Chemist: 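I am attaching a structure below and will ask some questions about it afterwards.
If you're wondering where the values come from, they're calculated on a predicted model, not measured in any experiment.
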Amino acid sequence: MKISLPLRYLLGILLTLAASLALFYWLMRPPMSDLEHMAQFLSVTALISIVAGFAAYRFGWLERAPSVRWALVGTYILASGLTFLNVWVTARLMFASEHDLQLATILLVFASGIAIILGGFFASTLTERLARLENATQTLETGDFSARAPISGSDEIAALAQSFNQMAGQLQQAAEKQKELDHLRRDLVAWAGHDLRTPLASIRLLVEALADGVVSDPETSRQYLNQAKKQVDVLASLIDDLFQVSQLDAGGLLLHCEPASLSDLLSDTLESFSGLAAQRGIRLEGSAAPGIDPLEMDVQRMGRVLNNLVSNALRHTLPGGLVSVRAERENGLVRVTVQDSGEGIPPEDLPHVFERFYRGDRSRNRSTGGAGLGLAIAKGVVEAHGGGISVHSQPGLGAAFSFTVPKA
């Protein structure tokens, strides 16, 4: 149970009174009458101390001080004054000689002055630490989130400085994240505008040609319509990618996880790309180790991850090459690796392949390089499943994209 501050103050004075009387009796063995007189004297001075302390606390005298330094010095003055009063009144009531009383007064004045000066010195050291913390907060107010307060000691002020530094660090991370989001937002507008404009322009030309009667041959008209349909599919795919990215940014990517067969998902993915692989003369194969099923996952979104990785692998593999997909268990995880025998990824591009809108070759268009969103979406989906994704590659030796998800 937590004891209130006034009650702790009262208990402290009562314990001091009791300890003083006990020490007086143990050392001097006085008659009972002297002990009663001493108890009366000390009780009166203790009562004065209690009243003075409660008055300072109740009326907030210390809180009205212009600074913490003066508040602390004020407490030392009050404590020294009460000490002086207690001893002087007690000595007076004990009928000390005039000479002894004057000498005691001088000594008390000297001791009180030393106590106040020493208290002021210690108060200054505390307020200097608070001033450094205040300077750090003022620097933070200007927008400089690198401001940090020096930490010295292990008291409450040091804990406050540490909390301030933690807060400043979090604000700095938030500011950097905001800058990154602003940069990504500008990229989103620029890349989306560019990638949407190209298929829209193509569709417009095809539809205008059909509407103006420029094309009258049924076979050519059918070809124009097929081309327009392909461009519409491109637009739908890009819009779907942008929608997925917006969900990842908003933290609203909802997964509908259920126990499912990863082996069947791999088989379906390989089958869906088998025609494209055969058309390009690329060998496509896959394998799944025993014990990987069932896996708790969102089948649709995990299928999207596999489609993105296999599609990228086929895009960057030359005819006669190989794309392999394998799944295996690894320390309570399931690891899926998509490896190709393509041209590989330059070392300077490896740290950026999972960044949205990033293309190693900036001159590539959607037909050769995509919108630069597929790997970013794959990374977000895998991490939403509690896993991680990575890439290993050497120029000329292909690339291996690997992701892991928890087995349970």
Side-chain angles (χ1 to χ4, degrees), residues 128-193 241-255 257 298 301-302 304-305 308-309 331-333 335 345-360 362 370-393 401-406:
E128 285 176 0
R129 295 168 60 192
L130 292 174
R132 291 195 292 268
L133 180 58
E134 182 183 8
N135 292 335
T137 60
Q138 291 175 350
T139 303
L140 190 66
E141 287 179 357
T142 63
D144 183 4
F145 296 107
S146 63
R148 296 294 185 273
I151 299 177
S152 58
S154 58
D155 55 6
E156 290 82 355
I157 298 179
L160 178 60
Q162 185 175 5
S163 299
F164 172 84
N165 291 342
Q166 292 176 353
M167 178 195 68
Q170 292 174 355
L171 289 175
Q172 187 175 19
Q173 292 178 359
E176 293 173 354
K177 185 65 175 178
Q178 185 61 43
K179 290 181 181 179
E180 180 183 354
L181 291 176
D182 291 339
H183 179 70
L184 291 175
R185 191 176 297 110
R186 289 192 295 269
D187 283 348
L188 173 63
V189 174
W191 283 97
D241 286 348
L242 293 174
F243 178 70
Q244 296 280 351
V245 169
S246 67
Q247 284 186 311
L248 291 172
D249 282 342
L253 185 63
L254 298 179
L255 299 180
C257 293
D298 187 319
R301 297 191 186 278
M302 194 58 70
R304 176 69 179 276
V305 173
N308 287 345
L309 296 180
N331 299 327
L333 303 173
R335 178 178 293 277
I345 302 173
E348 62 271 16
D349 291 336
L350 276 177
H352 307 288
V353 294
F354 294 107
E355 295 177 5
R356 54 195 72 174
F357 305 111
Y358 183 82
R359 295 169 179 160
R362 298 293 181 177
L373 292 174
L375 292 178
I377 294 173
K379 180 176 184 291
V381 171
V382 169
E383 290 178 349
H385 280 81
I389 189 169
S390 60
V391 58
H392 301 279
S393 178
F401 285 85
S402 177
F403 68 88
T404 58
V405 289

Chemist: Looking at SG of Cys257 and CE of Met302, how far apart are the two atoms once the value is rounded to the nearest 0.5 Å?
Modeler: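 The distance works out to 7.5 Å.
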Chemist: Is there a side-chain contact between Ser402 and His392, using heavy atoms and a 4.5 Å cut-off?
Modeler: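 Sidechains of His392 and Ser402: no contact.
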Chemist: Can you sort out the partners of Thr404 under side-chain hydrogen bond (donor to acceptor under 3.5 Å, both in side chains), two or more places apart, ordered by chain and number?
Modeler: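 If we apply the side-chain hydrogen bond (donor to acceptor under 3.5 Å, both in side chains) test to Thr404, skipping adjacent residues, there are no hits.
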Chemist: For residues 159-167, which side-chain donor-acceptor pairs fall under 3.5 Å, sequence neighbours excluded?
Modeler:
unit_1: Ser163; atom_1: OG; unit_2: Ala159; atom_2: O; d: 3.0
unit_1: Asn165; atom_1: OD1; unit_2: Ala149; atom_2: N; d: 2.7
unit_1: Asn165; atom_1: ND2; unit_2: Ala149; atom_2: O; d: 2.9
unit_1: Asn165; atom_1: ND2; unit_2: Ala161; atom_2: O; d: 3.4

Chemist: For residues 381-391, which side-chain donor-acceptor pairs fall under 3.5 Å, sequence neighbours excluded?
Modeler:
unit_1: Glu383; atom_1: OE2; unit_2: Lys379; atom_2: NZ; d: 2.8
unit_1: His385; atom_1: ND1; unit_2: Val381; atom_2: O; d: 2.9
unit_1: His385; atom_1: NE2; unit_2: Asp298; atom_2: N; d: 3.0

Chemist: In Å and rounded to the nearest 0.5 Å, what is the CG to CZ distance from Leu140 to Arg148?
Modeler: 8.5 Å
Chemist: Quick one: are Phe401 and Val305 in side-chain contact, heavy atoms under 4.5 Å?
Modeler: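 Heavy-atom side-chain distance check fails, nothing below 4.5 Å.
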